Amino acid sequence: MSNIVMAEMPENYDTTEDVNHSDVVIQQEVLQNIASKNNYFMTINDIVDANKLSPEKLLDLIDSAANDNLFPSTKLSGQEMIDQVNKMREWVDSEQSILKSAPLSMDAYNKKKAILQARAAYVLLYECYIGEELRKIPKKNGTNKNSKGRASGDVKTKAEVIKDKYGLSPRLARDFQDLTWEGVKAAIEIAIKQNDIPTRALALSKSTKKKVKINSRSEENKYPKFELDNIEESEYKTLTLEKPLYVTTLFSNISLGLSRAHELNIHCAVAAEWDKTRACWHELLFPDCHMVQGDFTSDECFNEALEWHRNKGCTIVMASPCCEPFSNLNNSSNKGNVPEAKQFYHTTKFMKESQTYGFIIENVPNFIDARPKIAHDVLKNEDGYIRCIGEYIRDELGADYYLNIGIYTATDYGCVEDRKRLIIIGVRKDMSNGPWKFPKKHSVRKMLWEVIGDLRSLENGEIDPNDPWHYARTLPECIVNFLEQTPTGCSAWDNAEDFQPVLDNGEYPEAKFSKGYVRNDWQYQCPTITTGNGEISDLSSIHPGRYNPETKKFTDTRVFSLRELQRIMDCPSDFFDKLNLARDENGMLEQKTENNLRKAIGQHFCPIHVNALFSTMPLPVNDNNKTNDDIAV
């Protein structure tokens, strides 16, 4: 099957005739709408006025869509209203697909996009209006599954009322009700300012109700935020070593972050990992490294790692404590009371006892401000104050080490993955003239198409005959159906009602995140790769796809392949070849093996980010550094 590629704009392409006869705007129909004054016409202006949404910054938007013939000219209610929204949403999605693939002159493109922005904003306002109507429907008490009224059908829940009257799925009904006028207004203003298309996902993220909900459940709000004192280089640096440097990694996973360290003559010499499968893989990937397999927080494993750190002459420690207790994706009420939430204590203890020259600690941004309950015994100071992890590390290591703490993303250093991490780097004060500075950020960020755009397009269940790591697992037809209708950069939840996410049994999934079932965008960076990167419902795990004008559908109904993940992380192309993993008859990895590998990938530290950090490391005064080590290039 030949690949579908996005069309390029030919030179001197004349679209005047196409624009004049386009169904985007037909002058005659517009005039008919203006003349039809006796019918109720819900314009954007009506909605703005009715809900006190300030119209000052939306005047152009209102003028563009107030007389648009696509939108209702009679008052609608119930299912008719939803049908109209679906019709409008379908047009918006279709026109957005055309914009991304059709050859248009710049003038014609801008005209079409301006009208598309107006209509997309109208749809968003209309959905918010429907949400207002849905919120007016009272909740029904006493309608649990075992109630007599529910069993007889005489009494219906609010969800059932909405389903009967509006035909909305529970997920879509919830999204409509979560929309606020403030959030919609902010989303439209942001989209217009950035010359983008306003989406429901953006409006939900800006809705006050959701922000309050998130903030109200955080116990950390009563404490002040830990102040980051990050120091950056003003120029780009390189590191050239005459002799190798050796690294000890704690909670190492498969040390994917060190997969390019050998390019700088830095080598992984000691690793500590509790998972047996990952420990075995690590030994295959780094055969010269001593593996301490087991619970690093136990005295036995801790002391073994400390002994080998000294025996191997390691001067750097890299630590990646488990991030799940601090991640925003973890909704467990008990996440601060699990043993993994105390791994920072053992990490800090290792730095103190090993007296290592330098170290790197990385985690999710929330790590620095966290006060996990299970660690209150060590976080509590002499005055009884419960310190955050950042304060604890500063108190324990600040006397002996220059500490530099900041939050950076891998896209700042040449990687296409927007993986934001809290990073603590430190060097001993008695062996360095100053702190270990964060590298200067790159001025330009890569886009996704630059990294994986040349790879073969894959249909359901297809494997690239020339690349054993580039394949697509077979998905149920119901999933393929809605992904084919999901445009690049959009969520399947924004599809028309008939093409929203459904399970094999025909029911709607209970998705936890508004960003679920989202195709990535070719012209942006890739969001953080998570441990669920093999699931369609995961956050932004789906291939961007390419619009096929012949079928009017989008290709690549799948998650990123393992080859694409390698490129997104900027991992060496042959890194996983060393594992010699078992494969099925079809050439794909065994399902369990692939799941384990994808989970390991989801907990990585980007190799190019690690090398960027090493490039600014101040070397101790010895014979290992060349005279031009600190010279900017």
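Reckoned from all heavy atoms, side chains included, excluding hydrogens, waters and symmetry mates. Just so it is clear, the model here is predicted, and its values are computed rather than measured.
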[Y] and [X] side chains, donor-acceptor separation under 3.5 Å:
{"X": "H290", "Y": "D288", "result": "no"}
{"X": "Y408", "Y": "E232", "result": "yes"}
{"X": "D556", "Y": "S457", "result": "yes"}
{"X": "Q293", "Y": "H282", "result": "no"}

Evaluate the criterion side chain to side chain contact (heavy atoms under 4.5 Å, CB included) for residue pair V610 and M318; output intermediate values, then yes/no. CA-CA 10 Å; V610 173; M318 281 184 58; 4.1 Å; yes
Is the backbone N or O of [Y] less than 3.5 Å from a side-chain atom of [X], with the two atoms forming a donor-acceptor pair by type?
{"X": "R278", "Y": "I254", "answer": "no"}
{"X": "Q525", "Y": "K446", "answer": "yes"}
{"X": "N611", "Y": "R260", "answer": "yes"}
{"X": "R419", "Y": "F605", "answer": "no"}
{"X": "S327", "Y": "E324", "answer": "no"}
{"X": "T555", "Y": "R546", "answer": "yes"}

Evaluate the side chain to side chain contact (heavy atoms under 4.5 Å, CB included) criterion for residues T528 and E417: first the C-alpha distance (whole Å), next the side-chain angles of each, then the deciding distance (0.1 Å), finally the verdict. CA-CA 6 Å; T528 299; E417 184 189 1; 4.2 Å; yes
Calculate, to the nearest 0.5 Å, the distance between atoms [atom1] and [atom2] belonging to [X] and [Y] respectively.
{"X": "N520", "Y": "S541", "atom1": "CG", "atom2": "OG", "value": "8.0 Å"}
{"X": "L306", "Y": "W308", "atom1": "CG", "atom2": "CH2", "value": "13.0 Å"}
{"X": "F302", "Y": "T347", "atom1": "CZ", "atom2": "OG1", "value": "9.0 Å"}
{"X": "I405", "Y": "L422", "atom1": "CD1", "atom2": "CG", "value": "7.5 Å"}

Using every non-hydrogen atom in the two residues, find where [X] and [Y] come nearest and quote the distance to one decimal.
{"X": "V518", "Y": "I542", "value": "O-CB, 3.5 Å"}
{"X": "V559", "Y": "R598", "value": "CG2-NH2, 4.0 Å"}
{"X": "I425", "Y": "W436", "value": "CD1-O, 3.1 Å"}
{"X": "I374", "Y": "A341", "value": "CG2-CB, 3.9 Å"}
{"X": "R558", "Y": "A472", "value": "CD-CB, 3.3 Å"}
{"X": "P607", "Y": "C571", "value": "CG-CA, 4.3 Å"}

Among R567, H543, H470, find the residue that satisfies the side-chain hydrogen bond (donor to acceptor under 3.5 Å, both in side chains) test when tested with S561.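 With S561 as partner, R567, H543, H470 yield a single side-chain hydrogen bond (donor to acceptor under 3.5 Å, both in side chains), made by H470.
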Quick check on [X]: does its [atom1] atom have over 12 non-hydrogen neighbours (other residues, nucleotides or ligands) under 6.0 Å away?
{"X": "K599", "atom1": "NZ", "result": "no"}
{"X": "E535", "atom1": "CD", "result": "no"}
{"X": "K578", "atom1": "NZ", "result": "yes"}
{"X": "K335", "atom1": "NZ", "result": "yes"}
{"X": "W469", "atom1": "CH2", "result": "yes"}

Short N-O contact, R394 and E227, less than 4.0 angstrom: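 Answer for the salt bridge query: no.
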Going by an N to O cut-off under 4.0 Å, is there a salt bridge joining R456 and D467?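 Looking at D467 together with R456, the answer is no, because their closest N to O distance does not fall below 4.0 Å.
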Which is it for T277 and N596 under the side chain to side chain donor-acceptor pair (under 3.5 Å) test, yes or no, and what are the steps along the way? CA-CA 8 Å; T277 299; N596 287 336; 4.9 Å; no
May I ask you to decide if the ring planes of [X] and [Y] are parallel, tilted or perpendicular, using 30° and 60° as cut-offs?
{"X": "F367", "Y": "F326", "value": "perpendicular"}
{"X": "H442", "Y": "Y413", "value": "perpendicular"}
{"X": "F251", "Y": "F296", "value": "perpendicular"}

Is there a side chain to side chain contact (heavy atoms under 4.5 Å, CB included) between I424 and I368? Walk through the geometry before answering. CA-CA 9 Å; I424 306 173; I368 199 72; 4.1 Å; yes
Does any non-hydrogen side-chain atom of P544 lie less than 4.5 Å from one of R519?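 No, every pair of side-chain atoms sits at 4.5 Å or beyond.
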Within the 4.5 Å heavy-atom criterion, are F576 and I601 side-chain neighbours or not?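 Yes; the side chains approach each other to less than 4.5 Å.
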is_close_aromatic(F350, F359), centroid dist under 6.0 Å: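 Between F359 and F350, which both carry aromatic rings, the centre distance is not below 6.0 Å.
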If you apply the rule side chain to side chain donor-acceptor pair (under 3.5 Å), what do you find for T409 with T411, and how did you get there? CA-CA 5 Å; T409 173; T411 55; 3.2 Å; yes
